Amino acid sequence: MGEVPCGFESHRPHMKKQNSLKIVPLGGLGEVGRNMMLLDYQGKILIIDMGFRLPEEDMPGIDYIVPNINCLKGKQKSILGLVFTHGHYDHIGAIPYLIGKIWQPNLEIFASPLTRGIILKRQEEFSSQPKLEIEEVKNGSKIKLGPFRIEFFKQNHNIPDNLGLFIETPVGNILHTSDFKFDSNPVNDLPTDFEKFKALSKRKILFLLSDSTGAEEEGHSLSEKEILENLEEIFKRSTGRIIAATFASLINRIQQIITLSEKYHRKVVIEGYSMKTNTELAKVLGYIKSKKGTLIKAKEISNYPDSRITILCTGAQGEGSAVLMRIANKEHPFIRLRRGDSVILSSSVIPGNERTVQILKDGILRQKAKVFHYKMMDIHAGGHAQQEELKEMIKIMRPKFFLPIHGQYSMLVSHAELARESGIPEKNIVVAENGQVINLNQKRIFVEKKTVPSNYVMVDGLGIGDVGEVVLRDRHMLARDGMFVIVAVVDKQTGQIKGSPDIISRGFVYLRESKELLAQTRKKVVEIVNRAAGSGGAVNWSYIKDEIRNKIGQFLYTKTQRRPIILPVVIEV
Ligand SMILES: [Zn+2]
């Protein structure tokens, strides 16, 4: 399978253009996060979302992973525009890292007011970014971009202002659900509008792309109202301070905590940069409501009794730099835990974070505070439809073709199974992964043989994509067995080593306790150099460095069963 750029039609200008739509997922299929997808009709490209994901555990030093957009290189002119479904970072987070690469004046971008606000606020943190003009769209807005007519419709999730996409294309109507759940009792939002869904389905849906994140969970997701009731139990019982930790982007959860605090006469302190900026933004745009005087500054905590205080902060995942971790580690300037405090961890634990969350919980309990987490009470509902809702969505939309999107591979497979159970024939369902090209026309759907590049692009500090497999492998080796630097000074005339080679080691052995090993190593280095270069004259130094690396590597391995990175440095004088 060869890799080709997307927008393939342009490669065969003489062939009759096929009447098919290509759907190219660049992220989010086979993983949670990094959602980005292209719709390509005869070389005209619509982009849906541009998210990032967090690194896997075995990626030391990596901040984020963003989609690979190499297939868009040189195709700026073919990009019709970008539409964003909602303001979660797994749907918008890669914008500052990627937008510059496809930037052109008058690039058309569409998002709901809250999503737009979050994108623009974040752009401020990055210098030298192009100035984005984002047009606001809402439930019912219609836009036309080339061959695509897009109609936005409201979807419930755990962030307000989430929009699904109904797209009329020359091959037929397609429906992209965005992340969603059905919610009859949402927070600051209208309940799911099933009438609207039915009206959309009457217009005949050829192709449904639906959120798979909850596809392995049985039953129905919790309503935001049920979560509120569970949270209220904690508010009823707590006599000391309540410290509630969640994600800064869970705007609904933030609202619930504020609402309950007001009901139980508590002032609310918001701690953490992202939590503060998101809350302020959502307040300005009217998505978070609070009474005058409810929100106070951290410094003012001591003006109120404990039973009148709620602290809302980040860090429910045990993130090292987040506020809750600093509180638990007694590093926060104003807030110390004490007996009577109730700490609420209101977000499900992301796979891989279980251990840090455990350490966090232990740390809080040692300081005699109580801990409430999602396993004990349903104080977090994922924002994603579960099996019953997913089946219902398929039954309402009755699409001819189906593609599960957004989720680990096992989630996509589960979702495909649900689609079969709901009556979609097997041959009309595609389980695809990032980089595959899905070819759709009125009659059939299939995955093309050719793929586009979709491998990880890693962000580390200011570097985007410069850290690749090789650098990561080195980081692993350094982390595992450390490094060993050998500095040999060689006389240019004689080719003999001058003095004794210097050895610097980090993370391999403690030098002071390894004198014998070091003495033997030095002796070996002298032998290697003198044998290879002993006669003086033209010397192949890179050969000698390789010799040192290999021979000393073997020697250290036989002595220690460890394989540090060996860096030979040869200085001619
Ligand atoms: Zn989401």
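From a predicted model like this one, the values you see are computed outputs, not experimental measurements. Order of listing sets the numbers, starting from 1, for every ligand and every atom in it. When reading the values below, keep in mind they use all heavy atoms of this one structure, side chains included, and skip hydrogens, waters and symmetry mates.
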Checklist entry - Is there a ring-ring contact (aromatic ring centres under 6.0 Å, His included) between Tyr64 and Tyr89 once you walk through the steps? => result CA-CA 11 Å; Tyr64 308 112; Tyr89 281 174; 8.1 Å; no
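- Ring geometry, Phe235 versus Tyr264: the interplanar angle falls from 30° to 60°, so the pair is classed tilted.
- Between His86 atom NE2 and His157 atom NE2, the angle centred on the Zn ion (ligand 1) amounts to 100° (nearest 10°).
- Residue-level check: among N/O/S atoms of Asp179, OD2 sits closest to the Zn ion (ligand 1).
- Annotation: ring pair (Phe, Tyr, Trp, His ring centres under 6.0 Å) contacts of Phe446 (sequence neighbours excluded): none.
- The Zn ion (ligand 1) lies closest to atom ND1 when only the N/O/S atoms of His88 are considered.
- For the Zn ion (ligand 1), the N/O/S atoms of His384 include none lying under 2.8 Å.
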Can you give each donor-acceptor pair under 3.5 Å made by side-chain atoms of residues 165-180, sequence neighbours left out, with the distance rounded to 0.1 Å?
residue : atom : partner : partner atom : Å
Glu168  : OE2  : Arg203  : NH2          : 3.2
Thr169  : OG1  : Val171  : N            : 3.1
Thr169  : OG1  : Gly172  : N            : 3.2
Thr169  : OG1  : Gly172  : O            : 2.7
Asn173  : ND2  : Arg203  : O            : 2.8
Asn173  : ND2  : Lys204  : O            : 3.1
His176  : ND1  : Ser178  : N            : 3.1
Thr177  : OG1  : Asp211  : N            : 3.0
Ser178  : OG   : Thr85   : OG1          : 3.4
Ser178  : OG   : His86   : ND1          : 3.3
Ser178  : OG   : Asn162  : OD1          : 2.7
Asp179  : OD1  : His406  : ND1          : 2.8
Asp179  : OD2  : His86   : NE2          : 3.2
Asp179  : OD2  : His91   : NE2          : 3.1
Asp179  : OD2  : His157  : NE2          : 3.4

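- One finds the CG atom of Asp49 at 8.5 Å from the CG atom of Asp90 (value rounded to the nearest 0.5 Å).
- Here His91 does not reach the Zn ion (ligand 1): none of its N/O/S atoms is less than 2.8 Å from the metal.
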